[in-house]
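Atoms within a ligand are numbered from 1 in the order they appear, just like the ligands themselves. Heavy-atom basis, side chains included; hydrogens, waters and symmetry copies ignored.
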Amino acid sequence: MNSLTDTTIDLDTELIRRDFPILSRQASSGAPLIYLDNGATTQRPETVIEAMSACYRQYYANVHRGIHTLSEESTSAFENARESIARLIGANTSEIVFAAGTTAAINTVARSWGDSHLAAGDTILLTIAEHHANIVPWQQLAERTGCRIVFLPVDETGQIDDEIVQQYLQQWSPKLFAFTAVSNVLGTEFPVARWVRLARQAGATVLVDAAQAVPHQVVDVGDWDADFVVFSGHKVCGPTGIGILYGKSAVLEAMPPFLGGGAMIRTVSTSGYVAGEVPQKFEAGTPPIVEAIGLAAAARYVGEIGLARIDRHEKRLVRRALDGLATIDGVRVFGPPADRRGGIVSFVVDAMHPHDVSQWLDIRGIAVRAGHHCAMPLHERLGVPATCRASFYLYNTEAEVDAFVNAVGEVRRRADRPSRRASARQGS
Ligand SMILES: Cc1ncc(COP(=O)(O)O)c(C=O)c1O
């Protein structure tokens with residue numbers, strides 16, 4: 001066992017950072033880059049860049065189509081990629097559907113499973129903490145079918161009590177309960193396995209948005225037992241343009257295909273078509289071949305480092321950030337305590353727009369996101385139109401967290417200055 005595979009020892013961020021070429025660059029101000037926008041997208045290690053480049057350079061061709069050397073090699077790499085990704089989340093390869101991302105995966109479920117299972121009067125249960133990707137496809141389904149959507153509220157700490165979940169499940173008997181495993185704004189880690197059990201007792205099908213979970217913690221779809229689990233490649237050190245729709249075999253098999261075209265059929269005649277087997281049934285057209293190979297390299301990379309260690313590392317960073325921000329007057333942080341959240345901290349600074357805060361931090365080389373983070377209903381619940389969000393990953397260091405906290409303190413003091421001048425003027 002070496003320092004990379006021993007899950008009991010802490011991450012060697014020094015070593016890890018060397019794997020990510022982009023982390024050695026500077027921000028436009030000339031300050032060293034401190035990348036804290038991992039909730040939006042993560043950076044790629046050399047091994048992912050290399051795997052994709054090797055495919056383009058050495059064996060790129062379309063998959064499942066040719067019997068020539070390149071096509072056979074790319075098909076084999078593509079299907080091996082499915083296996084690596086299945087291993088990351090404890091699934092079977094036939095349960096792994098390549099999609100364009102979390103958004104595309106949820107839309108596929110809404111169009112395929114949703115259109116064939118929901119009707120006027122049925123209910124979909126969501127939480128108010130969902131990303132728009134897990135709201136709008138259901139709203140569109142509601143427009144098509146006349147079903148209704150009910151939102152579970154979060155409490156003051158950004159959490160939802162099991163009793164409330166149970167109460168809503170009993171009251172509404174939803175056909176579908178779709179929720180995020182980790183809020184991309186609050187960082188709240190919802191108890192997936194417990195909620196799936198409650199949903200099962202109420203007879204609901206369950207979709208888990210794991211976009212902010214799979215990259216950061218151990219996810220085993222067997223333990224969760226949800227019908228669908230979805231995530232994006234680019235948030236787990238992989239490429240953009242690819243994501244995963246995991247579905248239980250029996251559920252996927254019973255679903256009609258959504259997109260039609262090449263690769264998803266067994267036969268086509270002038271009178272109709274016969275759909276192929278899962279997962280190809282849901283992969284019409286040329287799939288994201290090189291992206292799948294890149295995502296598999298990313299899955300192996302984070303898998304070798306260890307998701308449990310990455311999780312522990314991020315929790316330590318988030319605790320440090322919360323402790324630091326708590327010492328600054330006029331900074332309001334949203335979400336639960338450190339032991340109930342992933343590596344995400346959203347906050348506002350009194351008397352400063354989050355965009356201005358973000359711009360000030362950028363001058364210090366610190367990349368955070370400002371805005372509603374594609375969660376407008378949640379921001380309405382929080383009573384603010386926008387927040388700043390710092391989100392951590394395996395390559396972030398305690399020194400970076402300290403630099404971030406110090407910079408927020410500076411920004412806060414700067415925000416105070418005009419009002420002090422104003423009150424001095426008023427006093428004179
Ligand atoms: C919780 C959550 N769900 C869904 C998405 C959408 O992912 P994508 O844009 O990769 O489809 C995101 C992206 O920020 C997210 O954080």
Residue pairs passing the side chain to side chain donor-acceptor pair (under 3.5 Å) test with at least one member in residues 173-182, sequence neighbours excluded, are Asp122-Lys175
Return the protein residues near ligand 1 (heavy atom under 4.0 Å from any of its atoms), ordered by chain and residue number. Gly39, Thr102, Thr103, His131, Ala133, Thr180, Asn184, Asp209, Ala211, Gln212, Ser232, His234, Lys235
Return each pair, listed once, that meets side chain to side chain donor-acceptor pair (under 3.5 Å) where at least one residue sits in residues 358-368; pairs must be two or more places apart or across chains. Arg364-Glu410
Are there more than 12 heavy atoms of other residues, nucleotides or ligands under 6.0 Å from atom CD of Glu380? no
Aromatic ring pairing Phe392/Phe404, orientation class (parallel under 30°, perpendicular over 60°, tilted between): perpendicular
Using the ring-ring contact (aromatic ring centres under 6.0 Å, His included) rule, collect all pairs that involve residues 230-252, keeping only residues at least two apart or in two chains. none
Among Phe179, Trp224, Tyr168, find the residue that satisfies the ring-ring contact (aromatic ring centres under 6.0 Å, His included) test when tested with Trp195. Phe179
